[in-house]
Each structure stands twice: as structure tokens, then as C-alpha cells.
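As C-alpha cells, the structure follows; a few thoughts come after it.
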2 protein chains.
Amino acid sequence: MDPVPIGEAARLLKINTSALRYYEEIGLVRPAARVGGRRTYGRAELRRLAFVQMAQELGFSLEVIAEVLDQPGGRWHEAIDAQIARLEVLIEQARRAQDFLVHARECTTANPVQECTTLAHVLDRRVDGLTLDEIAKEHHP
Amino acid sequence: MDPVPIGEAARLLKINTSALRYYEEIGLVRPAARVGGRRTYGRAELRRLAFVQMAQELGFSLEVIAEVLDQPGGRWHEAIDAQIARLEVLIEQARRAQDFLVHARECTTANPVQECTTLAHVLDRRVDGLTLDEIAKEHHP
DNA sequence: TCTTGACTTCAAGTCGGCTTGAACCACCAG
DNA sequence: CTGGTGGTTCAAGCCGACTTGAAGTCAAGA
């Protein structure tokens, strides 16, 4: 089952063949070999591709992925730590966003942005230069 | 303090004037009036802009923001519910991603993608067509 | 032999959310 | 009345991550 052509690799990974060629173009994943000019991917390459996909879902850019793949060891840990931190911020923000949205959903006025006094107040604080986080803290200090 | 020129509005909202013109171009936020051909923004417009910014941070696209701003009432609730749901998924994914990364950080091999048997196994399952979530559930059913 | 289908290359297009640049206009202080 | 600052328009550029299209190659099957 080892060396598969590009179409099969694409099917396995649920990705477009054009994406595979693109990855090669930017030096991210090279096929194992060419057979009659055609790309073939082996187990190692499929793993590498699977890793690329997962890392993408975990929020890494292709640039960072290429970097950690080619400089194993140090950069690897750094990148992971950075991403863990980013995700922590993301989760925190998303939580607050949810709180805010749940509150906004309660509002019964037709055009909350102009008519809801609570929302208007928050927006005005915002115009005064406060961030969402600071406004949230103002309400739950 | 009411009608401010574009530069002042931009300063207040910590945004570029070019972004304000862009918002106008796509029909998202119009200035209150023109004074000698120049845009002026009043309180209502500043609130609208503040709302746009917050909504963006909460993960809404400009297209959706325009939609809820112009169709107050029904669409508003729908959009919020949808976004709350999206955020829930996002938080869940981010948490799993963190777990995965924390685990990956433990790995001491130089090139985990090819050498770490645990990771290789996960990647192979992936090549077989499983999603990150399904693999995660496989480990904690 | 001819056709299909999967592949190849290279250039150009797409999307969202702006930014940048060039050329021109309006207002106010000195 | 002149210079500086901060406006104006319009078109084009940028970013990442691809996709699309045109034109050509190659092996297998009817």
C-alpha cells in the first residue's frame, strides 16, 4: 500500500490535489519520489501531511508548521508553548464573548445598538477607549 | 462633542481612517453628514462603529454584522444564537487542541512526527480518515 | 487506434479586510 | 496669500491558503 499517487493521497487526507502541489511549491511537503514524472507519497509523507492538517486545525500557520517540521527539537517546544498560550487567550476571550452575547440576547428592543440603554452604555465606554475585557471587568471587578 | 471628523473618530476607536472609508464603501457605517465634503460622525455612528468592532472581536464577519445591523429583531437573535454555538465549538476544539499539544510537548524525540510512536499512531489514524475529535474520543471514550 | 482519466506545468484568480499611493481640495495660523 | 495639516477620490496592492483554467503528457482499456 505504500507509495500512492497524488489523487489517492488527496482522497485519504480529504484534501485537494492542488493543495498538495501548493505544499510542495512552498517547500512544506515533498513527495517521496516521481514515477514517470508523477508524484508518489509514501507513509512518511502521508504522516507529515496528516501532521500539517492537524497543526492547521490547532491554529498554526503553514509558515510555523514548516519551521517546526524542519527544525525539530528546540523550536518545536517553543512553538507549542506559544500556541498553548494563544489558545488560552482565545478560550478566555470566547468565554467572555459568550457572556456578552447571552446578555445581548435578552434585549427585547428592535434595534438594540441604538435603543438598548445597557448596550448603548457599553458601546459608549468603548468609544471612550476601553477594550471588551476592561468593560467586562468593570461589571464584574 | 457630537459630530467629529473622521480622524477624531478613528482616534477614538483606535482604527484607521481608511477602515472607516472602507466600512462606508461596503455600506456598513455611513457618516452622519458631510461638512464641506468631509465626513462627520455623531454619537449614533460612533456607537455603531463600536458595535462593529466588538462584533468583530466576537468573531462575526463584516457581512453578518451588516446583516444584523440592518435587519433588527429576528435575525439578531438567530445570529447571536448561531455565534454562541460557534463559540462553544471553538472553545471545545481549543481545549482539545491544548490537551494534544501538552501531550506532544512531553515527547523527547528529536523529530516526533516520524519517530514518536504515539504521535505516529495518531497520524496514521488520521491518514485513515479520522478527525482530531474522533481520535481524541478514541483515547477517552 | 482512439479515448478517457489521472496526472503535469504555469499563470492568474479568489476571498476578507483592509492599506497604500497618487493627485487633488479645504481650512486655519501667521 | 501661503504653508501645513488633514481631508477627498480612485485604483491598485497585500496577506495566507489555496483554487481555477489552459494546455500538454502518459498509460490503460474498448
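Any value given below was found using the heavy atoms of this structure, including those in side chains, with hydrogens, waters and symmetry copies removed. Note that the coordinates shown come from a computational prediction; the quantities given were computed from them, not determined experimentally. Here is the naming used below: chain letters follow the sequence lines, and residue numbers restart at 1 for every chain.
Panel note: side chain Glu8(A), backbone Pro5(A); no donor-acceptor pair is recorded below 3.5 Å. A side-chain donor-acceptor contact under 3.5 Å links Arg48(B) to the backbone of Leu28(B). Side-chain atoms of Thr17(A) never come within 3.5 Å of backbone atoms of Gly7(A) as a donor-acceptor pair (strictly under, hydrogens ignored).
The shortest distance between the side-chain N/O atoms of Arg21(B) and the OP1/OP2 oxygens of dT8(D) is below 4.0 Å.
In this structure, the CD atom of Glu24(A) is 16 Å from the C1' atom of dA17(D), given to the nearest Å. One atom, CZ of Arg34(B), and another, C1' of dC25(C), lie 13 Å apart when rounded to the nearest Å. The interatomic distance linking Arg39(B) (CZ) with dG6(D) (C1') rounds to 13 Å, in whole Å. For the pair Glu25(A) CD and dC18(D) P, the interatomic distance rounds to 12 Å; values are reported in whole Å. Atoms CD1 (Ile6(A)) and P (dC18(D)) sit 14 Å apart, rounded to a whole Å.
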At under 4.0 Å between heavy atoms, how does the protein contact nucleotides 13-18 of chain C? Give one character per nucleotide, 5' to 3', with B, S or -.
----BB
Test salt bridge (Lys or Arg N to Asp or Glu O under 4.0 Å) applied to Arg39(B) and Glu45(B), step by step:
CA-CA 11 Å; Arg39(B) 295 163 174 86; Glu45(B) 288 72 33; over 6 Å; no
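Note on Ile26(A): nothing from the nucleic acid sits closer than 4.0 angstrom, heavy atoms only. Counting non-hydrogen atoms under 4.0 angstrom, Gly37(A) reaches the backbone sugars and phosphates but no base.
A stem is defined here as three or more consecutive Watson-Crick or G-U pairs, each with both distances under 3.5 Å; for DNA chain C these stems are C:1-30 with D:1-30.
Using a 4.5 Å cut-off between side-chain heavy atoms of Ile, Leu, Val, Met, Phe, Trp and Tyr, with links allowed through other members, Val29(A) and Ile26(A) fall into the same hydrophobic cluster.
Between Leu13(B) and Gln53(B), the shortest heavy-atom distance links the atoms O-NE2, 3.0 Å.
For the pair Ile15(A)/Leu49(A), no side-chain contact is recorded, criterion being any heavy-atom separation below 4.5 Å from C-beta on.
For Arg38(A), the listed nucleotide lying nearest its side chain is dC26(D); candidates were dG6(D), dT8(D), dC26(D).
We find the CZ-CD1 distance between Arg38(A) and Ile6(A) to be 11.0 Å, quoted to the nearest 0.5 Å. Within the model, atoms CG of Leu20(B) and OH of Tyr41(B) stand 4.5 Å from one another, a figure rounded to the nearest 0.5 Å.
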